[in-house]
Amino acid sequence: MTDVLLDDLNPQQLKAVTAPDGQVLVLAGPGSGKTRVLTRRLAYLIERQGVSPYDIIAVTFTNKAAREMESRVTYMLQRELEGLWLGTFHAMCARLLRREANYLPYKSNFVIFDADDQVSLVKRALHDLNIDDKTHRPTGVHAAISNAKNELQLPDDMPRRTYRDEVVARVYKRYQELLVTNNAVDFDDLLLLAARLLEEHPGVAEKYARRFRHVLVDEFQDTNLAQYTLLKHLAGYHKNIFVVGDEDQSIYRWRGADYRNVQRFEQDYPGCTKILLEQNYRSTQNVLDAARQVIDQNRNRTPKHLFTTRGAGNKLVQFVGVDDIAEAAFVVDTVQQYLSSGKASANDFAVMYRTNAQSRIVEEAFIHAQIPYRLIGAQKFYGRREVKDMIAFLRLVENPADEVSLLRVVGVPPRGIGEKSILALQQSAFRAGISAGEVLLDLGRHGQDSPYWQEIGRSAALLADFGTLLNEWQSARDQVSLVSLFDRIISDTGYEPYINDQSDEGNDRWENIQELRRLAYDFQEKGLTEFLQNLALVSDQDTIPSATEQEGAARPQGAVTLLTLHAAKGLEFGQVFIIGLDEGLLPHSRSRDDPEEMAEERRLFYVGMTRAKNQLYLLRSERRSSFGTWEYSEPSRFLDDIDEYLIINQGKRSTSRRDTRLEDMRWSTTTVSPSRRTTYAAPAEKETKYKAGMRVRNASWGEGVVLESKVDPDGEETVDVHFESVGFKRLLASLAKLEIVS
DNA sequence: TCGCCAAGACTTTTT
DNA sequence: GTCTTGGCGA
C-alpha cells in the first residue's frame, strides 16, 4: 500500500509533516525540501486530520510561493481548498483589513500605494510642512517611516532624540493623514494596521484566532515585528503554529526582517517541537562544503550540517577578469561551451549579482553571443510609465479620493490642465472639505451649475471635461467588463496615439499596455478592486516561472536567467555564476561598518552559492567601470573562507574593450544570421587547426589529447578532447582557448 | 501649458 | 554612462 502523501519523505521531513498539534519550528537548510514539507503538512492536516481548509491560514512572502503551494496541494488532494486563507502576508492583511474596515479610518475599497506613490506622498507631506526636501530627502524620510512602521510604531511612539527624529515624526504624522484622505494604505500599513487592529480590538482578534485552528508560515526568518505580532494573535487561541525557515537565509533585514524571531519563537513557545532538515537534495557535496565554510563564520545561528547523497561533484571554479567585460565574457563563453556540447540548455544557467547595475554588461555580452536570457526584477514591467499611467486611471475610477493617481493622470495626455488649474481644484476641494476627485466628479456631473464652477474660474471647463470622463468610467465600471472599461479609458483619452508614435519605443509602450490588458482579462470575474490589489501586491519577482512551468513546450531552448542574489532565494539552477565577488560590492560597501549588515551580506552570498545544483562559478574582476571611470577593488573577503582544495582557479583573462567594440560593429550591420555567432572563429580555412593525437592545454581542464577535430560549413571548428582531469569534452576551437603543447 | 534641453543624481537589496 | 528632474522659452 503506497502513501503518496508520506512515503517519499525522509525521517525528519516525515516527523515535521506529521507533527502533532502545537508549535512546530522547522529549520530547513537550502534544498532540504522545505516547500515539500509545508505543502505536505497542509495536505496532511486536511486529508488525514480532517481539518477543514476553512480553519487554516497559510502565509508566504511571495505570490509565487503561495500559488505553488496551492496548486501542489490541490493536485495532491484532487479537490478545491474552499475557505482556505492562503497568500502573502500583505494579501492576507489586505483581506483582513477590508473585512474589518469599519474599525479603521478607511473605506473597504482602499487602494494600496506602491513605493513610488509613497515617496511622492512624503514629498507632499514635506511640502505641506514647509520642510526643505533637499536637506531631508523624501526617499530617506520614507525609509525612516517605513522602519518605524515595521517596528509597529505610530508617529507618537517614535523616539525623538535628534532633530532628524523630530522631523521624521512630524512628516510621518502628516503622511499618515494624507493616506487617510486618499483612502489609501501603503505596504507597511497593511501589516501595521492589521497587527494593531488585532492588538487593540481583542474581540476581533479572538474571532480570527478561534477560526484559525492552524497557522502555517513560510520563510519565517524573514518576518518583522509586525508580522510576528500578527502571527501571535492569529495563533493566539488554538496555538497550533507551524513555521518553516532558515536563519542562514535571512536577507531582508533592511526591510525590518529579524531572523532572531526564530529564537523568539523558541522562547515564546518553550514546548515547541524543533526539527532540523539537513539532507540536501539539490547540490553536490563540494558546493555544500564551500557554502558551509562561508556561513559558519556567522554567529547567533543554529549550526547545520548539510549533506547529500549526490557525491562530491565538480570543484568550484574561480575566475578573475581584468575588467567587468572580461568577467561577463567568461560567463558567456562558458555557457556557450555547454550549449554547443549539448550538455545543458540555456535555462540551466543563472548569473547572480549583488546590484542590478551589474546586469547590463552581462546582458550586452549575451546579446552579442545571441544567447537568449531573461532578466528578473529591476522594475521591468510595473515600473514602466505607460503601465503606471493606466493603473492610475483605474485607481482613480475605483477611488476618486486617490489624489496621487489624480495628479499623475489629470494632464495625461495633455489636455490643457496645468499647475494653476490643479491648484485651483485643490483649493476648492480643501474649502469644501472633500477630495479633489469629488470636486472633479461634481464638475463633470453639473457643469456650470456646480458650486465649484465659479470659484475655480477659467479652467473649470477643462476640469469638468475630465470630470465627465471620470463619471462615465465610473458608471461603465458597474455595467461593462473590466477589459471593456480598460478599452474605454484608452479610447476616451486618446492614449494610444499619445504613447505610440510608431517608433520602436512607441510600439514597445503600446505592447506593454496590451500586456496589462491581458492581465486584466484574468480578472474579468473578480473585478476592479481585486485587480488593483493584485497589481499592487505582485512584483516582477512573481514573473519567474517555476521549474514545472519552465519545462513546458513554450520555451524549447529556454533562456539564461539573470537576477540579483536577493531574487535568487528559493530557486535552483544546474550551473550558477556569481559575479562581482569584490570588496565593496559583495560585501557591499554600505555594510562595511555594521557587523549585522556584514553578516547579512554573508548570508546573501550563502543563498547564492546554495542555488547551484552541479557547478558553481565564482567570479570577480580587478576593475570595473563606474560612472565613466575605473574602480579597482580587492577580492571579496568571503573568498578567503573557502578552502583552496574546493576551488579550481581559472586565472585571468583579458577580453579587452576593443574586442567588444569590434563585435558591436559587426552586429550593427543589417543582416544577422546564426552563423555570425562565430565571429571569434579562426580564419575560414578548411584545414583544422587541431589534429588528432595533439596534446593540448586548456585553462579549466589542464592537459588532454585531441581525439578528433572537424570544421563545419560556417568555418567553425569543433574539437573532441580527452582531458586527464575531466575526460571527454567537445569544444568549439574558437572559444575553448586551447593551447597546443605538442 | 507644454516640450525641450541641460544639469544633477545615481547604485543595495523589494513585499 | 544613463535616467530623472527642473528650468526656461515658445
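Keep in mind that the numbers below use all heavy atoms, side chains included, and drop hydrogens, waters and symmetry copies. The chains referred to below are lettered A, B, ... by the order of the sequence lines, with proteins before strands, and numbering in each begins at 1.
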message = At less than 4.0 Å, is any side-chain N or O atom of A/Ser625 found next to OP1 or OP2 of C/dG1? Yes or no.
response =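 So the side-chain polar atoms of A/Ser625 never come under 4.0 Å of the phosphate oxygens OP1 or OP2 of C/dG1.
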May I have the distance from [X] (atom [atom1]) to [N] (atom [atom2]), rounded to whole angstrom?
X	N	atom1	atom2	value
A/Arg253	B/dT13	CZ	P	17 Å
A/Met352	B/dT13	CE	P	16 Å
A/Leu535	B/dT15	CG	C1'	15 Å
A/Asp324	C/dG1	CG	P	13 Å
A/Arg360	C/dG1	CZ	C1'	8 Å
A/Gln533	B/dT15	CD	P	15 Å
A/Arg384	C/dT4	CZ	C1'	15 Å
A/Ile325	C/dG1	CD1	P	12 Å

Contact class for [X] vs. all strands (heavy atom < 4.0 Å): base, sugar-phosphate, or nothing?
X	result
A/Leu585	nothing
A/Arg415	sugar-phosphate
A/Phe61	sugar-phosphate

query = Hey, which of these two, A/Ser459 or A/Glu600, hits DNA chain B nearer its 5' end, going by closest nucleotide?
reply =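 Its nearest nucleotide being more 5', the pick is A/Ser459.
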query = Of the candidate nucleotides B/dT14, B/dT15, B/dC2, which contains the atom at the shortest distance from the side chain of A/His90?
reply =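 So the side chain of A/His90 is nearest to B/dT15.
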Report yes or no: do [X] and [Y] form a side-chain donor-acceptor pair below 3.5 Å?
X	Y	result
A/Arg137	A/His142	no
A/Tyr373	A/Glu363	yes
A/Asp222	A/Asn261	no
A/Gln426	A/Glu403	yes
A/Asp324	A/Ser621	no

Table of protein N/O atoms under 3.5 Å from nucleotides 5-12 of chain B N/O atoms:
unit_1 : atom_1 : unit_2   : atom_2 : d
B/dC10 : OP1    : A/Arg137 : NH1    : 3.1
B/dT12 : OP1    : A/Arg590 : NE     : 3.1
B/dT12 : OP1    : A/Arg590 : NH1    : 3.2
B/dT12 : OP1    : A/Arg590 : NH2    : 2.6
B/dT12 : OP2    : A/His588 : NE2    : 3.1
B/dT12 : OP2    : A/Arg590 : NE     : 3.2
B/dT12 : O2     : A/Arg354 : NH1    : 3.0
B/dT12 : O2     : A/Arg354 : NH2    : 2.1

Does a salt bridge link [X] with [Y], judged by any charged N lying under 4.0 Å from a carboxylate O?
X	Y	answer
A/Lys569	A/Glu219	yes
A/Arg603	A/Asp248	no
A/Lys34	A/Asp246	no

request  = Can you tell me, in whole Å, how much space there is between the P of C/dG6 and that of B/dT11?
outcome  = 16 Å
message = Keeping A/Asp189 on the side-chain end and A/Leu192 on the backbone end, is there a donor-acceptor pair under 3.5 Å?
response =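 Absent.
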Distances for protein N/O vs nucleotides 7-10 of chain C N/O pairs under 3.5 angstrom?
none

key: Pair A/His566 + A/Tyr252: ring centers closer than 6.0 Å   = yes
